[in-house]
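One structure below.
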Amino acid sequence: MATDPVPDAAPAIPAALIGRLRKARAIAVLSGAGISAESGVPTFRDAQTGMWAKFDPLELATPDAFRRNAKLVWDWYAWRRELIGHAKPNAGHRALAALEPVVSGLLVITQNVDGLHQAAGSTHVVELHGNIQRVKCSREGTIVTHWDDSSPREAPRCARCGAFLRPDVVWFEETLPDDALACAERAARDCDVLLVIGTTAEVYPAAMLPTYARHHGAAIVEINPNPTRLTDRVDFALRGRAGVVLPALVAAVWPEAGLPS
Ligand code: OAD
């Protein structure tokens, strides 16, 4: 993936995009790790800084990895939970939250497990890949709020059935929660505009949502400092950081949202 210098200033917002967004009845957002990068949460596939540049997903984020070494997987997620626990929403998350009272049909579909959209104040959020702050029993799927993390040798266990606990996130080779995926597909089908923010669109089924939305007549807007596999197929590509581009976009299209232009 290209890593050209990231422009600091917001790109000009094309008049055609402003018109399309003002007319839109329903707007959906598909966000990925890039929207949280300015909050200090590492992305996955950025060449130097991405998680998968330093760690092997097959050792940490699959059911097999957990079966082989539950403690290693638990500790890695505990480290990430702690990192994310200290992160605060940035101007990109806040711009989307400021839009919710102004655009009635706004839905944020996120691949992120960090909860930062909700922390910024967004309430219509679909989490496709779960949430890292939730923990569940690996056997029964029950959500657990307390656990004993004191063993140096093994992952904490479910107090009810004794199985290991795991983060409530979707691993590679696992299916997405049915209701979240159905809701995301509905929104992609019904929206007039889909904003695709901070994702390489490499991971399915989330990555098929832009194609699906386009097929149903939506305009696709990509917000990303770098080109992606989607870029050639979007209607508008706004090159820059989400924390810079989103406030500028919201100020240009919806002055009533009250963001400084
Ligand atoms: P990636 O790491 O694949 O992509 C992050 C994208 O964010 C890249 O296109 C960057 O150019 C872009 N980016 C970086 N900084 C940005 C900024 N400040 N503003 C906007 N964009 C920025 O992350 P995802 O596409 O989210 O899944 O990855 C999808 C899934 O793969 C994740 O949910 C995770 C991962 O494996 C699971 O763990 C199941």
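These numbers come from the heavy atoms of this one structure, side chains and all, not from hydrogens, waters or symmetry mates. Along the sequence shown, residues are numbered consecutively beginning with 1.
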With the threshold set at 4.0 Å, does a side-chain nitrogen-carboxylate oxygen contact exist between [X] and [Y]?
X	Y	answer
R68	E59	yes
K71	D75	yes
R166	E174	yes
E127	R134	yes

Using modelled atom types only, decide if a donor and an acceptor are shared between the side chain of [X] and the backbone of [Y] within a distance under 3.5 Å.
X	Y	answer
T62	F172	no
H129	Q111	yes
R229	T200	no
E100	S122	no
N90	I35	yes
T228	L230	yes

Closest heavy-atom pair and its distance - [X], [Y]:
X	Y	value
V244	A10	CG1-N, 3.5 Å
L107	H124	CD1-O, 3.6 Å
N112	S36	ND2-OG, 3.6 Å
L30	A206	CD2-O, 3.7 Å
V253	R22	O-NE, 3.1 Å
V41	A87	CG2-CB, 3.8 Å

Report, as yes or no, whether the 6.0 Å neighbourhood of atom [atom1] on [X] holds more than 12 heavy atoms from other residues, nucleotides or ligands.
X	atom1	result
K23	NZ	no
Q48	CD	no
D178	CG	no

Quiz item: Do V196 and I220 pass the side-chain contact (heavy atoms from CB on, under 4.5 Å) test, and can you show the C-alpha distance, the side-chain angles, and the key distance before you say yes or no?
Solution: CA-CA 7 Å; V196 183; I220 312 299; 3.8 Å; yes

Quiz item: Which is it for D235 and R214 under the side-chain contact (heavy atoms from CB on, under 4.5 Å) test, yes or no, and what are the steps along the way?
Solution: CA-CA 9 Å; D235 298 275; R214 184 145 211 233; 3.5 Å; yes

Quiz item: So, for F55 and W79, is the gap between ring centers shorter than 6.0 Å?
Solution: yes

Same hydrophobic cluster for [X] and [Y], using side-chain heavy-atom links shorter than 4.5 Å among ILVMFWY?
X	Y	answer
L165	V170	no
L194	L17	no
L116	L106	no
V108	I132	no
V245	V234	no

Exercise. State which residue, out of N131, I143, V135, fulfils the side-chain contact (heavy atoms from CB on, under 4.5 Å) condition with D168.
Key: I143

Quiz item: Pick one: which of V125, L249, L246 meets side-chain contact (heavy atoms from CB on, under 4.5 Å) with L96?
Solution: L246

Any donor-acceptor N or O pair under 3.5 Å, side chains [X], [Y]:
X	Y	result
Q118	T123	no
T43	D46	yes
T110	S31	yes
D148	S150	yes

Quiz item: Tell me, which pairs form a ring pair (Phe, Tyr, Trp, His ring centres under 6.0 Å) where one or both residues lie in residues 196-215, sequence neighbours left out?
Solution: Y212-H216

Quiz prompt | Straight-line distance of T231 OG1 to E222 CD, nearest 0.5 Å | solution = 3.5 Å

Quiz item: Distance from I84 atom CD1 to Y77 atom OH, nearest 0.5 Å?
Solution: 9.5 Å

Quiz item: Can the positive tip of R81 be found less than 6.0 Å from the middle of the six-membered ring of W74, inside 45° of the ring normal?
Solution: yes

Quiz item: With a distance cut-off below 6.0 Å to the six-membered ring centre and an angular limit of 45° from the axis, does R80 pair with W76 as a cation-pi contact?
Solution: yes

Quiz prompt | H93 and H117 aromatic ring geometry - parallel, tilted or perpendicular at 30°/60° bounds | solution = perpendicular

Practice problem: Could you list the residues that satisfy salt bridge (charged side-chain N to carboxylate O under 4.0 Å, His left out) with R157, not counting sequence neighbours? | Solution: E154

Self-check item: Test salt bridge (charged side-chain N to carboxylate O under 4.0 Å, His left out) applied to R160 - qualifying residues, sequence neighbours left out
Solution: E140

Quiz item: Taking it one step at a time, do D190 and R25 satisfy salt bridge (Lys or Arg N to Asp or Glu O under 4.0 Å)?
Solution: CA-CA 9 Å; D190 295 342; R25 287 165 301 105; over 6 Å; no

